[in-house]
Amino acid sequence: MSPKKSFLNYKASQKQKSSLPPNSLVEFASSWRIAWGKTDGIEDNTAWREGRIAIICSNPNTQIILSPSEKFAVVGDIWLSNRLELLEKVGISAKSWQGCDRQLVAQLWERWGVECLPLLAGMFAFAVWDREGQVLRLARDRTGARTLYYTDVGATRWIAPQQRAIAQYHSRAIDLTALRDYLCCSFVPGDRTLWQQVRELRPGTVLSFPDELPKQAGCLSHTMSAYWELREQVAEAEQSLEWHGARLRSLLDEIVREYLPANQPVGVFLSGGLDSSCIAALAAKFHDRPVHTYSIHFGEECANELEFSSLVAQHCQTQHHILEISFRDMWEKLPETMAYLDDPIGDPLTVPNLLLARMARESVEVVLNGEGGDPCFGGPKNQPMLINSLYNSVTNLDSLPAYLISFQKCAADLPQLLKPEIWAAVKTEPSVFSADLNASSNYLNRLMALNIKFKGADQILTKVNNLTQAADLHGRSPLFDQRIVDLSMTIPPEYKLSGVVEKAVLKQAVANLLPAQILDRPKSGMLVPVQLGFKKFWQREAKGLLLSKKAAIAPYFNQSAIGQWLDYEGDTWGRYGVKLWLLTSLEIWLQGNK
């Protein structure tokens, strides 16, 4: 592969065109949903009705797959990276296989039932209807690369991979605990959603709706079980960093090969940091078709990492594309971006992710990313918590408040930001993070488990899934593959984050792939200039949005506190921009989901 002589530069406002039709907000709604329980009167687009189940498909291409004996019906979103291995298990030649991954799951399910789930590697959220036992089972992959939501009240339960598909079947009552957690994290962690009546199936979990009468009037029963749990299992602790690095590299090689699309080019989102750079290098090493890399910057006023991403692109001889995103783009594209998200996500990278995905779709159908390196291998964001664990007698902070403050969002502001009655209702509600924070495993591994289970599943992978799908693109995250996650929990903690050296084992694993400038540089993260954005470009619009008496957030927040942030009163640490983006994202999401 020959290097591109000149990089391709784009401005989002000039070049970006959606590959979706004009009514894409409607078309993006999930192509299937399930009604379980009372299904009388459900008529629209019903593709399957039997007993207490009705499957509704809004897209004629959505298929309900029957197992060979027709005992089981499968519907869902499934991409299996270990397809060849699974075909071998069921005795089918890979060369002769003409089916889809849903058909493969149907065959596996008929042979092993729920016991087949630990065999599956990849991204999936699907439902299996047991026609003889009259039981509906829902399953989600182990790291949460695909999503599945369900209503938890009433005589009819609704299930779909996107909340938008079941929006008409639940109330708009907000879950105040979920609202509190969003303000602390910029995403809603755990099985809660922002709606009281909607829950999210957790990764590595099976939900079963048995065929039985309601235990209480108007309430259907269900059972939940985990087929996989993230656990610390440190192994070969006496082995060297080099030994663990070689083991990781072998698995990385295998997984990236599996994630590459056959007979077509592939894209990689490239920031110039270690994680995305190693994925780009592995893709370039193993792929026999063009590799396109994509980077962003925010104009001349803002710092950028183009020096590093361009260095990697040249080193790997990729076809490199650079997207300039203006402050106007960030503000104007936010409503559309929020419309694609099941729950609000206050990460300033949401809009850039969507715009970059649309640019990538002009060249490729599959794009890889470096998400997962920090949660699995000890990124620097764990350092504040490690410091607190050493000096908590000085900081006087218990682990939970310290963890919430480490997100650097609104955790410390809640008593002033929330109205008194709202704060009183949520301040003593248990935190979804408590069990993992207080576990008996190594402290760093506890922090990493939290990042994998919650930030990974509820922010990073959900964002990748929704925003790449919105661009008609297939996004894949090799470093969040369940096998990488499992392996990371076997590596001694001192080979992940030790002092100021982060991700030592990952650096060792890819040392011969990347320039020294990439391996040795400290992590800076993709800094989206929202602080400058609100100060210089968005202040007037933000005031009109957030301080209006008709604002969707007005019943919950003290708008006087928000007004102080908008005027940058007392912003000693330069954090108001991030908080304002979080609130703006929430307001726009709520307005779009009335």
Side-chain angles (χ1 to χ4, degrees), residues 1 78-90 92-97 99-101 104-105 118-124 141-143 145-146 244-270 274-294 312-313 315-319 360 363-373 376-377 461 464-465 468 473-488 490-491 503 505-514 518:
M1 186 187 307
I78 306 172
W79 176 78
L80 300 174
S81 60
N82 65 335
R83 188 177 306 107
L84 297 180
E85 175 188 337
L86 295 172
L87 287 170
E88 186 177 337
K89 285 184 179 294
V90 294
I92 297 176
S93 166
K95 290 183 178 180
S96 64
W97 176 251
C100 65
D101 286 346
L104 182 51
V105 167
L119 303 176
L120 308 182
M123 304 182 286
F124 56 83
D141 65 70
R142 283 175 267 187
T143 57
R146 290 290 182 265
H244 285 281
R247 188 162 165 249
L248 172 58
R249 174 59 181 277
S250 176
L251 184 58
L252 276 173
D253 287 355
E254 175 187 347
I255 287 171
V256 170
R257 281 193 182 103
E258 291 177 357
Y259 277 50
L260 293 170
N263 304 318
Q264 59 176 291
V266 69
V268 182
F269 290 155
L270 178 61
L274 174 67
D275 307 335
S276 63
S277 296
C278 77
I279 297 302
L282 287 168
K285 177 179 174 65
F286 295 123
H287 205 37
D288 58 359
R289 297 298 171 95
V291 176
H292 295 260
T293 47
Y294 305 91
V312 174
H315 179 79
C316 299
Q317 298 186 326
T318 67
Q319 298 184 32
S363 308
V364 300
E365 295 180 6
V366 174
V367 66
L368 310 183
N369 61 68
E371 302 286 11
C376 290
F377 299 109
L461 290 174
V464 168
N465 178 33
T468 53
L473 193 66
H474 192 186
R476 301 176 184 173
S477 307
L479 292 177
F480 257 126
D481 185 278
Q482 62 203 45
R483 293 161 291 180
I484 295 288
V485 170
D486 282 333
L487 179 64
S488 76
T490 71
I491 297 171
K503 295 183 279 193
V505 68
L506 181 58
K507 291 178 179 178
Q508 177 65 38
V510 299
N512 65 343
L513 283 175
L514 296 170
I518 302 301

Arg257/Asp253 salt bridge by N-O under 4.0 Å criterion: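 Looking at Arg257 together with Asp253, the answer is no, because their closest N to O distance does not fall below 4.0 Å.
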Which value, rounded to the nearest 0.5 Å, describes the distance between [X] atom [atom1] and [Y] atom [atom2]?
| X | Y | atom1 | atom2 | value |
| --- | --- | --- | --- | --- |
| Leu368 | Ile255 | CG | CD1 | 12.0 Å |
| Gln264 | Ser363 | CD | OG | 12.0 Å |
| Ile78 | Leu104 | CD1 | CG | 8.5 Å |
| Glu258 | Phe286 | CD | CZ | 11.5 Å |

Phe377/Ser488 under side-chain contact (heavy atoms from CB on, under 4.5 Å): CA gap, chis, key distance, verdict: CA-CA 7 Å; Phe377 299 109; Ser488 76; 4.0 Å; yes
Results of side chain to side chain donor-acceptor pair (under 3.5 Å) for His292 - residues two or more places apart only: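 For His292 the side chain to side chain donor-acceptor pair (under 3.5 Å) partners, ignoring immediate neighbours, are His321.
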Can you name the residues that form a side chain to side chain contact (heavy atoms under 4.5 Å, CB included) with [X], not counting sequence neighbours?
| X | value |
| --- | --- |
| His315 | Pro515 |
| Val485 | Thr143, Trp228, Leu230, Cys376, Ile452, Phe480 |
| Ala511 | Leu519 |
| Glu88 | none |

Strictly distance-based, threshold 3.5 Å: is any side-chain N or O of [X] a donor or acceptor partner for the main-chain N or O of [Y]?
| X | Y | result |
| --- | --- | --- |
| Asn369 | Val268 | no |
| Ser81 | Ala121 | yes |
| Thr490 | Leu487 | yes |
| Arg289 | Asn263 | yes |
| Asp141 | Arg146 | yes |

For a quick test of reading the model, state the closest non-hydrogen atom pair linking [X] to [Y] and the distance between them.
| X | Y | value |
| --- | --- | --- |
| Thr468 | Gly475 | OG1-N, 3.6 Å |
| Ala283 | Val291 | O-CG2, 3.9 Å |
| Ile279 | Gly370 | CG1-CA, 4.1 Å |
| Val364 | Gly267 | CG1-N, 3.7 Å |
| Met123 | Arg476 | CE-CG, 3.8 Å |
| Leu514 | Ser277 | CD2-O, 3.5 Å |

Answer yes or no: is there a side-chain heavy-atom contact under 4.5 Å between [X] and [Y]?
| X | Y | answer |
| --- | --- | --- |
| Leu80 | Val105 | yes |
| Leu270 | Val312 | yes |
| Pro261 | His287 | yes |
| Lys285 | Val256 | no |

Distance-only donor-acceptor check, side chains Arg483 and Asn82, under 3.5 Å: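 There is no such pair (donor and acceptor under 3.5 Å, judged by atom type) between the side chains of Arg483 and Asn82.
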side-chain contact (heavy atoms from CB on, under 4.5 Å) between Leu282 and Arg249, worked out: CA-CA 10 Å; Leu282 287 168; Arg249 174 59 181 277; 4.0 Å; yes
Intermediate values then yes/no, side-chain contact (heavy atoms from CB on, under 4.5 Å), Leu274 and Val510: CA-CA 9 Å; Leu274 174 67; Val510 299; 4.1 Å; yes
Worked verdict on Phe124 versus Asp101 for side-chain contact (heavy atoms from CB on, under 4.5 Å): CA-CA 10 Å; Phe124 56 83; Asp101 286 346; over 6 Å; no
Counterpart residues, ring-ring contact (aromatic ring centres under 6.0 Å, His included), relative to Trp79 (two or more places apart):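 Once residues adjacent in sequence are excluded, the partners of Trp79 under the ring-ring contact (aromatic ring centres under 6.0 Å, His included) criterion are Tyr259, His474.
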